[in-house]
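Would you mind keeping the following structure in view while I ask a few things?
What you see below is based on every heavy atom in this structure, not just the backbone, and it leaves out hydrogens, waters and symmetry mates. The chain is numbered in sequence order, starting from 1.
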Amino acid sequence: MIYVDSYLQSKIMGADGVELITMLYDRAIVSLNIAKDSIMKGLDDPELVKKKAVELSRATDILYYLNDILDKQRGGQIAENLSLIYTTLAGELVKANLFNDTEIISKCIEILNNIKSAWEDVRNQLKEKQNEPKRTFAGAV
């Protein structure tokens, strides 16, 4: 079981779907940065090897979860494309783990940051739509 402090718990409970998705991207990116840092410090220390493996596994789990929650019926081609990206990135992270390849991790971070930005744009557009003044038409009661 994962411990979640009260601040994070309240943030999660108050989040909408898009916010939850971006939180997952944030966590995957943090994990990838930790794994990359562990590799760069040198893997002479068994604790760094463990940290790298745990964080790469966490990021991979997040990618599989994001893939599992895709609604391919309603999401159409976008969902299919995201599925391909998630599974490709997960495969790349396996290679990064095997070969201690920080370049692969950096590319994965870049891709996740770009997708996260797209989700944030969607969220901002949805907020703008909600904040648009409601128009009333003549004769409306």
Practice prompt. Check side chain to side chain donor-acceptor pair (under 3.5 Å) between Lys95 and all other residues, then give those that pass, not counting sequence neighbours.
Written response: Glu92
Worksheet item: Side chains of Leu82 and Leu66: closer than 4.5 Å at any heavy-atom pair?
Response: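 Not touching, per the 4.5 Å side-chain cut-off.
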Worksheet item: With side chains defined as the heavy atoms from C-beta onward, is the minimum distance between Leu89 and Thr60 less than 4.5 Å?
Response: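 No; the side chains remain at least 4.5 Å from each other.
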Item to complete: Evaluate whether atom NZ of Lys52 has more than 12 neighbouring non-hydrogen atoms of other residues, nucleotides or ligands under 6.0 angstrom away.
Response: yes
Practice prompt. Report the residues that fulfil salt bridge (charged side-chain N to carboxylate O under 4.0 Å, His left out) with Asp44, sequence neighbours left out, ordered by chain and then residue number.
Written response: none
Practice prompt. Give a yes or no on whether Leu56 and Val30 share a hydrophobic cluster (residues Ile, Leu, Val, Met, Phe, Trp, Tyr; joining criterion: side-chain heavy atoms under 4.5 Å apart).
Written response: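 Different hydrophobic clusters.
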Discussion item. Quiz question: by atom type and distance under 3.5 Å, do the side chains of Gln77 and Asn81 form a donor-acceptor pair?
Written reply: yes
Fill in: Asp26: salt bridge (charged side-chain N to carboxylate O under 4.0 Å, His left out) partners, not counting sequence neighbours
Lys116
Fill in: Which atom of Ala28 lies closest to which atom of Leu112, heavy atoms considered
CB-CD1, 4.1 Å
Discussion item. Side-chain heavy atoms nearer than 4.5 Å, only ILVMFWY residues, links allowed to pass through others: does that put Ile69 and Ile62 together?
Written reply: yes
Fill in: Ion pair Arg27/Glu55, N-O distance below 4.0 Å
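A salt bridge is present here (some side-chain N lies under 4.0 Å from a carboxylate O).
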Item to complete: State whether Arg58 and Asp61 are salt-bridged, where the test is any N-O pair (Lys NZ or Arg NE/NH1/NH2 against Asp/Glu carboxylate O) under 4.0 Å.
Response: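 No salt bridge links Arg58 with Asp61.
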Discussion item. I need the Asn67 CG to Ser83 OG distance, nearest 0.5 Å.
Written reply: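 Rounded to the nearest 0.5 Å, the CG-OG separation comes out at 3.5 Å.
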Discussion item. Do Val54 and Ile105 sit in one hydrophobic cluster, given that two such residues count as connected whenever their side-chain heavy atoms are within less than 4.5 Å of each other, even indirectly?
Written reply: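 Val54 does not cluster with Ile105.
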